[in-house]
Amino acid sequence: MPNLLDYDLDALYAWFSELGEKPFRARQVMRWMHREGCDDFDAMTDVAKALRARLKEQAEIRAPALLRDALSADGTRKWLFDVGEGNAVETVFIPEAGRGTLCVSSQAGCALECAFCATGKQGFNRNLTTGEIVGQLWLANRLLGAKPCGEGQDGGRVVSNVVLMGMGEALANVDNVVAALRVMLDDYAYGLSRRRVTVSTAGIVPAIDRLREECPVALAVSLHAPDDALRDRLVPINRKYPLRDLMAACQRYLERAPRDFVTFEYVMLDGINDSDAHARALVALTRDVPCKFNLIPFNPFPRSGFARSPAGRVRQFAGLLLDSGIIVTTRKTRGGDVAAACGQLAGQVRDKTKRTDMSPLQTVEEVFS
Ligand code: SAH
């Protein structure tokens, strides 16, 4: 039975047309599902009664089930959602003055095995479906008691921004992610602005090009090192798509992007990638790519093998980038008390070890010995 959360508007048009129904019916159902957060066909009062009965027989609207709900002292909220067969993914809501950001997962686990990330240590099970990705936004609004497009505390939406920065590598699941992005942007659904939806990638170059063609939104790239030798060890996908190719892909992306810069994320690892020389090398590397830097203090997790750079080191590093004219922000660590901070999302992954040979299993000790 099809789950209508899996469909973007074009897919819903196609499905309704197979039923012999007009396109406006698809738009009605889209609105009910996403703008009203409705999962009950009977409640769709402007849909003809006979059609409602058919829909009930032939389709469902099913988001993942909630397994756990944790509230951090700083207001960050983390949910664990069941995606079946022993797998669960995490979604994080980060309320801030004037905006609410939802951090969404795209895979159960992750195959990329970045050396400093807890998700990578869990192994990889599978891609999330479009419905499971969109379902996180659908459920977040419901759990926050918010109308998806309604008014929040300060006049805006409760969830005003979405970042695909949860578990998984979004661009390794580009088909389902693009369909989910289209639902997030669709005026019959969430109507989010392209500038307020961000895909974060470790740098899968061909998929950056596909995103640019199919659904350009704001782009964040996890850089983490200024040279290939170090990046090969920290972000192993670099062995396949080295920095020169990645920088070129960023430049191509900007031709279509809704923002005129790429955000480079940079995790600050004590004694590994945080020296003055690294900062200067970053300035040289990114000279031809309009960009902002987002420095992320490393968030520890058990047996990570890394430590967070001291605050003074982060300030000095940021200062060197700023002096060269680059805009730099340092990410405030939120939700650390409920393990909701960047790189701490572990969820529940039944690793069937569907790892690919592009990212051989390596422990931090192997990499840095
Ligand atoms: N697969 C995506 C999303 C990863 S999570 C990507 O690679 O971009 C979002 C960001 O948090 C990435 O920049 C990621 O490298 C970073 N990150 C991962 N583990 C971290 C940790 N332990 N502390 C701080 N940041 C971390």
Side-chain angles (χ1 to χ4, degrees), residues 78 89-92 94 101-124 127-128 133 136 161-174 176-177 197-205 207-208 211 217-225 230-231 233-238 240-241 246 249-250 253 262-270 272-274 282 291-309 314 329-336 339-347 349 358-359 364 367:
K78 182 174 86 165
V89 298
E90 293 182 328
T91 307
V92 179
I94 307 143
T101 303
L102 191 70
C103 180
V104 167
S105 293
S106 57
Q107 299 182 309
C110 188
L112 298 192
E113 297 184 73
C114 296
F116 46 82
C117 177
T119 306
K121 306 275 176 227
Q122 309 289 307
F124 173 69
N127 285 332
L128 297 189
I133 300 169
Q136 295 170 64
N161 295 55
V162 171
V163 294
L164 275 107
M165 292 186 189
M167 296 171 66
E169 165 56 42
L171 292 188
N173 182 15
V174 71
N176 296 342
V177 163
V197 177
T198 302
V199 167
S200 178
T201 179
I204 307 204
V205 165
I208 294 176
L211 189 67
V217 292
L219 183 69
V221 172
S222 295
L223 198 53
H224 305 323
L230 180 57
R231 196 165 191 269
R233 295 189 293 167
L234 294 177
V235 184
I237 192 75
N238 192 71
K240 195 159 180 191
Y241 306 112
L246 181 57
C250 290
Y253 194 83
V262 168
T263 301
F264 288 126
E265 297 161 277
Y266 198 92
V267 60
M268 297 296 290
L269 302 167
D270 187 24
I272 304 281
N273 66 351
D274 63 348
L282 281 177
C291 62
K292 293 185 181 176
F293 267 80
N294 189 211
L295 304 182
I296 314 174
F298 171 65
N299 293 308
F301 54 90
R303 291 180 302 283
S304 76
F306 291 103
R308 178 182 290 185
S309 305
V314 178
T329 50
T330 300
R331 195 174 291 180
K332 256 192 306 180
T333 286
R334 304 268 312 247
C342 301
Q344 294 185 324
L345 302 185
V349 179
M358 76 194 172
S359 54
V364 177
V367 173

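The shown structure was predicted, so the numbers you read here are calculated from the model rather than taken from an experiment. Just follow the structure's listing: the first ligand is 1, and inside any ligand the first atom is 1.
Take Asn161 and apply the side-chain contact (heavy atoms from CB on, under 4.5 Å) test, not counting sequence neighbours, and it matches Arg99, Thr101, Arg196.
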Check ligand 1 for N or O atoms under 3.5 Å from a protein N or O and list each pair with its distance.
residue: ligand 1; atom: 1 (N); partner: Gly168; partner atom: O; Å: 3.0
residue: ligand 1; atom: 1 (N); partner: Glu169; partner atom: OE1; Å: 3.0
residue: ligand 1; atom: 7 (O); partner: Ala202; partner atom: N; Å: 3.4
residue: ligand 1; atom: 7 (O); partner: Ser222; partner atom: OG; Å: 3.4
residue: ligand 1; atom: 8 (O); partner: Ser200; partner atom: OG; Å: 2.6
residue: ligand 1; atom: 8 (O); partner: Thr201; partner atom: N; Å: 3.4
residue: ligand 1; atom: 8 (O); partner: Ser222; partner atom: OG; Å: 2.5
residue: ligand 1; atom: 13 (O); partner: Ser222; partner atom: OG; Å: 2.7
residue: ligand 1; atom: 13 (O); partner: His224; partner atom: NE2; Å: 3.4
residue: ligand 1; atom: 13 (O); partner: Glu265; partner atom: OE2; Å: 3.3
residue: ligand 1; atom: 15 (O); partner: His224; partner atom: NE2; Å: 2.6
residue: ligand 1; atom: 19 (N); partner: Phe116; partner atom: O; Å: 3.4
residue: ligand 1; atom: 22 (N); partner: Phe116; partner atom: O; Å: 2.9
residue: ligand 1; atom: 22 (N); partner: Asn299; partner atom: O; Å: 2.9
residue: ligand 1; atom: 23 (N); partner: Asn299; partner atom: N; Å: 2.9
residue: ligand 1; atom: 23 (N); partner: Cys342; partner atom: O; Å: 3.3

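For the residue pair Arg308/Asn299, the side-chain donor-acceptor check at 3.5 Å is satisfied.
At least one donor-acceptor pair under 3.5 Å links the side chain of Thr201 to the backbone N or O of Gly203. With hydrogens and angles ignored, the 3.5 Å screen pairs no side-chain donor or acceptor of Asn238 with any backbone N or O of Arg231. Panel note: side chain Asp274, backbone Val314; no donor-acceptor pair is recorded below 3.5 Å.
Taking the six-membered ring for Trp and thresholds of 30 and 60 degrees, Phe306 and Phe298 have ring planes more than 60 degrees apart, a perpendicular arrangement.
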